[in-house]
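These notes are about the structure you will find just below.
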Amino acid sequence: DKYRYRLRLEINPNGKGRIIFIGFNPSKAGIKTPENYKSDVFLERDGTLNICTLTAFFSKFKELEIINLFAISDTELKKNQKVLNDENIGDFIGPKNDDSIFSAINDIEKIENSKIVLAWGNLDDKAKKRAKDVISIVQKYTKLPLFVIGKTNKGYPIHISYLTHL
């Protein structure tokens with residue numbers, strides 16, 4: 001799929017609440033339905049999803065959700081942010097991304113013991129504006145505080161792959 005808007009998984013049946021990580025953009029990890037696979041779906045993992053899963057599990061959350069500034073599944077976009085411009089940024093954001101972010105935030109508002117973690121790494125100018133827009137959406141619809149585990153040398157929330165604990 002070209003876009004992944006939300007990835008939500010039950011991590012720990014004995015846990016409580018949900019943790020949402022807001023990342024930069026999705027990799028190829030996610031729930032897949034291959035054409036020639038005997039099962040309905042399977043979970044394709046990557047390093048970032050593994051770290052998020054472990055962080056959620058050991059922090060005793062029941063559920064993990066990952067949403068992103070940009071919904072396009074592209075393993076190179078983070079490294080090549082300079083491709084973002086006024087004409088194409090909507091394609092990278094994805095036509096349903098803001099609605100999906102709203103839904104994720106609306107859902108978490110109803111779940112006790114939940115947390116929102118900003119974790120997208122360094123940003124170029126266009127991506128910086130997008131981050132501000134997403135923070136505005138999130139803050140408009142939740143009273144939950146926004147957490148940052150650490151900051152990059154440029155002052156941005158560290159990328160999910162650098163998270164080791166909450």
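In this chain, residues are counted from 1 in sequence order. Nothing here was measured: the structure is a model prediction, and the numbers come from that model.
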Got a second to check how far [X]'s [atom1] is from [Y]'s [atom2], nearest 0.5 Å?
X: I93; Y: N68; atom1: CD1; atom2: CG; value: 12.0 Å
X: R130; Y: F24; atom1: CZ; atom2: CZ; value: 10.5 Å
X: I116; Y: F21; atom1: CD1; atom2: CZ; value: 12.0 Å
X: L84; Y: K128; atom1: CG; atom2: NZ; value: 13.5 Å
X: L7; Y: S100; atom1: CG; atom2: OG; value: 12.0 Å
X: L123; Y: K154; atom1: CG; atom2: NZ; value: 9.5 Å

Task: Any side-chain donor near an acceptor of the partner, Y3 and D91, under 3.5 Å - done: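 Distance-only check passes for Y3 and D91.
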Task: Salt-bridge contact D133-K129 (side-chain N to carboxylate O under 4.0 Å) - done: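 Judged by the 4.0 Å cut-off on N to carboxylate O distance, D133 and K129 do form a salt bridge.
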TODO: Answer yes or no: is there an ion pair linking K2 with D74, defined by an N-O contact shorter than 4.0 Å?
DONE: no
Locate the shortest heavy-atom distance separating [X] from [Y]; write the atom from each residue and the value.
X: L64; Y: A56; result: CB-CB, 4.1 Å
X: A127; Y: Q81; result: CB-OE1, 3.3 Å
X: F61; Y: N12; result: O-CB, 3.3 Å
X: F70; Y: P26; result: O-CD, 3.0 Å
X: R18; Y: I108; result: O-CD1, 3.6 Å
X: A131; Y: L69; result: CA-CD2, 3.8 Å

Are any non-hydrogen side-chain atoms of [X] and [Y] less than 4.5 angstrom apart?
X: N25; Y: R4; answer: no
X: V83; Y: E76; answer: no
X: I67; Y: N97; answer: no

Open item on the list: Keeping N122 on the side-chain end and Y156 on the backbone end, is there a donor-acceptor pair under 3.5 Å?
Closed with: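 No.
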Task: N85 side-chain N/O to N88 backbone N/O, donor-acceptor pair under 3.5 Å - done: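 It does hold such a pair.
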- [ ] For residues 108-135, pull every pair meeting ring pair (Phe, Tyr, Trp, His ring centres under 6.0 Å), keeping only residues two or more places apart or in separate chains.
- [x] none
Open item on the list: Going by side-chain contact (heavy atoms from CB on, under 4.5 Å), V117 matches just one of I22, I66, I19. Which one?
Closed with: I19
- [ ] Would you kindly confirm whether I111 and I105 end up in one hydrophobic cluster when ILVMFWY residues are joined by side chain heavy atoms under 4.5 Å apart?
- [x] no
Throw together a table of side-chain donor-acceptor distances under 3.5 angstrom for residues 137-147, partners on residues two or more places apart or in other chains.
residue	atom	partner	partner atom	Å
T142	OG1	E109	OE2	2.2
T142	OG1	L144	N	3.0

Open item on the list: Looking at K60, I'd like to know if its NZ atom is crowded, meaning that more than 12 non-hydrogen atoms belonging to other residues, nucleotides or ligands lie closer than 6.0 Å.
Closed with: no
Open item on the list: So, using side chain to side chain donor-acceptor pair (under 3.5 Å) as the criterion, who are the partners of R6 when residues are at least two apart?
Closed with: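 In terms of side chain to side chain donor-acceptor pair (under 3.5 Å), with neighbours along the sequence ignored, R6 is linked to E65, D107.
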